[in-house]
Amino acid sequence: MTIGILTSGGDAPGMNAAVRAVVRTAIVDGMKVKGISRGYSGILDEDIFEMDSLSVADTLTRGGTKLLTARCKEFYLPEYQQKAADILRKNGIEGLVVIGGDGSFRGAQALSRLGIRTIGVPATIDMDIACTEYTIGFDTAINTAMEAIDKIRDTSASHERCCIIEVMGRRAGYIALYSAIASGAEEVLLPETYDNDEERIIAHILENRSKGKRLHMIINAEGVGDSLAMAERIQRRVGIDTRATLLGHIQRGGSPTCKDRVYASMMGAKAEELLRDGKSNRVVAYYHGEYTDFDIEEALAMQKHLPEDMLLISRKLIR
Ligand code: ADP
Ligand code: F6P
């Protein structure tokens, strides 16, 4: 049996470790592996090549994705999905591992409806995939964010400033919530809960000042809005020097942490096992403390919410 493998959507540290696990376990189990460059674009461009154990040497510790990734607009259209299925069949690829986020899983679902056995592996720094308690890349991203925020704390404290630090997450506040708890911030703004009440934020800064707090750190998730404009408005209102820092893509790069390497290895190996055992249309997950898998339909229908207990405790700690 020959299987294909690709990475798709936003890259995440640990994707290489997942690819390595698929390739190496497949070889041990007597399967052939073909790599596909640039996600679904690479299928359509027929950028497909054989992989062996050596192809993934020296990749475990590397951030990014050696297979390259892309967002492929054509792939939303049924005619291109059919073309991709035909190309995969022409290349002898019977099963496909898709490493990426929710969007990439919808592409995998389309291929599986066209007879290509597909398995999704959850990888996104946003951690916004409902069927799994962990997504590859999150731990590295939050540690990068935390280290950067600690540095901003030093300089902001020295100048007795307010600072707004914008972390990634358009629709999901996991990076913001974790990094705010980990860095001892005074405020966290999450896309899921932000009520646009800037007056409350201003009153909070002034109240903390009056109590003698000299530093005020606000962690703002990307999806909440423009941190630079917010910093200007706050400075005007409270009369305290306020700076905004956008952490940006540094959160997506870097050598994966131990947690990401291990989860990615386990999830990649699980995906290979599912294909080896004849399964299709599944997503690998870490759920209730175990590596498991869900039907793609079921996985995509699930809703993810920020953990209520973390939100409650964060309201007591972040103030
Ligand atoms: P992620 O996988 O990180 O959520 P995207 O949402 O950008 O990232 O999706 C990655 C790629 O998956 C898209 O560029 C597209 O090629 C494919 N894709 C996304 N949604 C669909 C869909 N509904 N149908 C088919 N392919 C899709
Ligand atoms: O989905 C991962 C992510 O890093 C989000 O947190 C962020 O909103 C988005 O991707 C940025 O995408 P791009 O690299 O295309 O700007």
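Remember, it's a predicted structure, so these values are computed and weren't measured experimentally. The analysis underlying the following values was restricted to heavy atoms, covering all of them including side chains, and did not include hydrogens, waters or symmetry mates. Both ligands and their constituent atoms are indexed starting at 1 by order of listing.
By the 3.5 Å distance cut-off applied to N or O atoms, Tyr40 is not counted among the residues near ligand 1. In terms of polar-atom proximity, defined here as any N/O pair under 3.5 Å, Gly100 makes no such contact with ligand 1. In terms of polar-atom proximity, Ala70 is not counted as a contact of ligand 1, lacking any N or O under 3.5 Å from an N or O of the ligand. Checking only distances, Arg71 does come within under 3.5 Å of ligand 1, N or O to N or O. Considering backbone and side-chain N/O of Ala110, none are found under 3.5 Å from N/O of ligand 1.
The distance from ligand 2 to the heavy atoms of Ile125 drops below 4.0 Å at these ligand atoms: 4 (O). Close approach of ligand 2 to Gly169 (heavy-atom distance below 4.0 Å) involves ligand atoms 6 (O). Close approach of ligand 2 to Glu222 (heavy-atom distance below 4.0 Å) involves ligand atoms 6 (O), 7 (C), 8 (O). Short contacts between ligand 1 and Gly107, defined as distances under 4.0 Å to a heavy atom of the residue, involve ligand atoms 25 (C), 26 (N), 27 (C). Taking every non-hydrogen atom of Cys72 and a distance limit under 4.0 Å, the qualifying atoms of ligand 1 come out as 13 (C), 14 (O), 15 (C), 16 (O). Residue Gly10 approaches ligand 1 through these ligand atoms, each under 4.0 Å from one of its heavy atoms: 3 (O).
Ionic pairing of Arg200 and Glu187 is present here: one or more N-O contacts between side-chain nitrogen and carboxylate oxygen are shorter than 4.0 angstrom. A salt bridge is absent between Glu79 and Lys83: the closest approach of a Lys/Arg side-chain nitrogen to an acidic carboxylate oxygen does not fall below 4.0 angstrom. Contact check on Arg161 versus Asp241 returns a salt bridge, with a Lys/Arg side-chain nitrogen under 4.0 Å from an Asp/Glu carboxylate oxygen. Ion pairing between a basic and an acidic side chain is recognised when a charged N comes within 4.0 Å of a carboxylate O; Arg38 and Asp47 show such pairing.
In the displayed structure, Arg243 atom CZ is contacted under 6.0 Å by more than 12 heavy atoms of other residues, nucleotides or ligands. Shown here is Phe294, whose CZ atom has more than 12 heavy atoms of other residues, nucleotides or ligands within 6.0 Å. Atom CZ of Arg233 sits in a crowded spot, with more than 12 heavy atoms from other residues, nucleotides or ligands closer than 6.0 Å. The local environment of NZ in Lys259 is crowded, with over 12 non-hydrogen atoms from other residues, nucleotides or ligands closer than 6.0 Å.
Among protein heavy atoms, the minimum distance from atom 3 (C) of ligand 2 is reached at Arg252 NH1, 3.5 Å. Given atom 21 (C) of ligand 1, the protein heavy atom at minimum distance is Tyr76 CE2, 3.3 Å. Scanning all protein heavy atoms for the shortest distance to atom 8 (O) of ligand 1 gives Gly9 CA, 3.5 Å. Nearest to atom 25 (C) of ligand 1 among the protein's heavy atoms is Phe75 O, 3.4 Å. Looking only at protein heavy atoms, the nearest one to atom 11 (C) of ligand 1 is Ser8 OG, 3.6 Å. Protein heavy atom in closest approach to atom 1 (O) of ligand 2: Asp126 OD2, 2.9 Å. Here the heavy atom of the protein found nearest to atom 27 (C) of ligand 1 is Gly103 O, 3.6 Å. Protein heavy atom closest to atom 2 (O) of ligand 1, with residue, atom name and distance, is Ser104 OG, 2.5 Å. Of the protein's non-hydrogen atoms, the one nearest atom 15 (O) of ligand 2 is Arg71 NH1, 2.7 Å.
Residues Asn143 and Thr257 bring no donor and acceptor atom of their side chains to less than 3.5 Å of each other. Side chain to side chain, Ser112 and Asn281 meet the donor-acceptor criterion of an N or O pair below 3.5 Å. The closest side-chain donor-acceptor pair between Arg261 and Ser255 falls under 3.5 angstrom.
Of all the listed residues (Gly101, Ser41, Gly120, Ala84), Gly101 holds the heavy atom that lies closest to atom 3 (O) of ligand 1. The heavy atom nearest to atom 9 (C) of ligand 2, out of those in Arg171, Arg170, His249, is found in Arg170.
For an aromatic pair to be called close, the ring centres must be under 6.0 Å apart, and Tyr40 with Phe75 satisfies this.
The shell of residues lying under 4.0 angstrom from ligand 1, judged by heavy atoms, includes Gln81. Under a 4.0 angstrom heavy-atom cut-off, Thr124 registers as lying outside contact with ligand 1.
With respect to Arg282, the side-chain hydrogen bond (donor to acceptor under 3.5 Å, both in side chains) criterion is satisfied by exactly one of Thr118, Thr292, Asp293: Asp293. Glu186 pairs in a salt bridge (charged side-chain N to carboxylate O under 4.0 Å, His left out) with only one of the listed residues (Arg214, Lys213, Arg319), which is Lys213.
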